[in-house]
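Below is one structure, written out as structure tokens; the observations come after it.
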There are 2 protein chains.
Amino acid sequence: MEDTFRAEASARLREAGLRATGPRLAVLTAMRRMGGHRTADEVHAGLIEQDVRLPRTSVYNALAALSSAGLVNYADIGPGAAVYETAGEWHHHFVCRRCGAVLDVPCAAGGKPCLTPDIEVGVVEEAQVIFRGVCADCAASA
Amino acid sequence: MEDTFRAEASARLREAGLRATGPRLAVLTAMRRMGGHRTADEVHAGLIEQDVRLPRTSVYNALAALSSAGLVNYADIGPGAAVYETAGEWHHHFVCRRCGAVLDVPCAAGGKPCLTPDIEVGVVEEAQVIFRGVCADCAASA
DNA sequence: CGGTAATCTGGACTGAGTCCAAATCGCGAT
DNA sequence: ATCGCGATTTGGACTCAGTCCAGATTACCG
Ligand SMILES: [Mn+2]
Ligand SMILES: [Mn+2]
Ligand SMILES: [Zn+2]
Ligand SMILES: [Zn+2]
């Protein structure tokens, strides 16, 4: 199970023209174990906790590679804050201005409808939708 | 003209429950003069160039206030990169991964399903859409 | 005009993200 | 299996946008 998981990941990395290296598989495994939205440093800490010693820089490198291979999704949550999550159903994010919570927001039309701007700007590779506001919990306690 | 501009801005700040202070009006004036998408530090530099001495922190404070008053728009362009622009027609942005260019993308008002989440997450105050890819110029020279 | 709370200031600080050159490793070719 | 080379990792230092704080100022109300 763990092995088939790593084998599949390796295959997908190579499909993307990337090498299936130790750090990349380690990061992916850690992310699957931790789940949810994680910052690069949280992933790093998670690895250390499991006695998987890996330089912080390598985590950044691995995340970039995994992201470009489509194995993890990247979400820019605000200045100086980015989170990663294992790639699943495409969705958007809601960020609470008060508590910083990040909530998943299903994409209304399914697929990636937002990938098509109304004007010709170039090759659009991804569209990120971020809702900002106050989450239900914070709104309640105010 | 310059005076009516400042008077209007003052009024709009007060409408938003904010004080019409020197730094805020100075920043807004500088942004109008410079135009386009500007980082906080570019605004700061622009002010210095006009012999308007203002601490960097104050520019950040002013931009936050102007943003919450709706006089300038804020766009999160990537980790550690945010740009501001004088508020006009609401629109989205395309960011080129190669050259970093930021292009305006008109918002097909109402046409984009993603602008309204279809689950209850809380009070949504804004939805930001960021397209990432390779701009036409960069695509041509490759 | 004061009084007062909002805002400004200057400076130090934080920490996510980046950069680089030497060492290592994955993998296609032999 | 083994080799060779280019992709990748590593460790460490570094950058610099953004934040934080406490004392000085200032806008605005009565
Ligand atoms: Mn998510
Ligand atoms: Mn714009
Ligand atoms: Zn919240
Ligand atoms: Zn470009």
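Below, chains carry the letters A, B, ... as their sequence lines are ordered, and counting in each starts from 1.
Atom-to-atom, NE2 of A/H44 to P of C/dA16 comes out at 12 Å; the value is rounded to the nearest Å. Between the CD1 atom of A/I48 and the P atom of D/dG11 there is a distance of 10 Å, given to the nearest Å. Regarding A/I77, its CD1 atom lies at a distance of 16 Å from the P atom of D/dG18, rounded to whole Å. Rounded to whole angstrom, the span from the CG atom of B/L54 across to the C1' atom of D/dT26 amounts to 14 Å. Separating the CZ atom of A/R24 from the P atom of D/dA7 is a distance of 12 Å, rounded to the nearest angstrom. Atom CG of A/L13 is separated from atom P of D/dA7 by 16 Å (rounded to the nearest Å). Atom pair B/E15:CD and D/dC28:C1' shows a separation of 16 Å (rounding to whole Å applied). D/dT9 atom C1' lies 14 Å from atom CG of A/L66, rounded to whole Å.
Counting any heavy atom pair closer than 4.0 Å across all strands shown, B/N61 reaches a base atom. If you check every strand for non-hydrogen atoms under 4.0 Å, B/A62 touches nothing. Using a 4.0 Å heavy-atom criterion, one finds that A/T21 contacts the sugar-phosphate atoms exclusively.
With hydrogens and angles ignored, no donor-acceptor pair closer than 3.5 Å exists between the side chain of A/R56 and the base of D/dG11.
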*Could you go step by step and tell me if B/T29 and B/F5 meet the side chain to side chain contact (heavy atoms under 4.5 Å, CB included) rule?*
CA-CA 9 Å; B/T29 303; B/F5 164 69; 3.6 Å; yes
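Judged purely by distance below 3.5 Å, without hydrogens or angles, the side chains of B/D104 and B/H37 pair a donor atom with an acceptor atom. One side chain, B/E85 or B/H91, offers a donor N or O that lies under 3.5 Å from an acceptor on the other.
B/E42 places a side-chain N or O within 3.5 Å of a backbone atom of B/T39 that can act as its donor or acceptor partner.
Between B/P23 and A/A81, it is B/P23 whose nearest contact on DNA chain C lies nearer the 5' terminus. Of the residues near DNA chain D, B/Y60 and B/G22, the one whose nearest nucleotide (by heavy atom distance) lies more toward the 5' end is B/Y60. Nearest-nucleotide positions on DNA chain C for A/A40 and A/S10 put A/A40 closer to the 5' end. Taking the nucleotide of DNA chain D with the nearest heavy atom to each of A/A65 and B/Y84, the more 5' of the two is matched to A/A65.
Set against D/dA17, D/dT9, D/dC28, the side chain of B/R14 has D/dC28 as its closest nucleotide.
Between B/T57 and C/dG10 there is no side-chain N or O to OP1 or OP2 distance below 4.0 Å. Proximity of B/R19 to the phosphate of C/dT4: no side-chain N or O atom is located under 4.0 Å from OP1 or OP2. B/R53 has a side-chain polar atom (N or O) that falls below the 4.0 Å cut-off from OP1 or OP2 of C/dG10.
Of the charged side-chain nitrogens involved, at least one lies within less than 4.0 Å of a carboxylate oxygen, so that A/R132 and B/E126 count as a salt-bridged pair.
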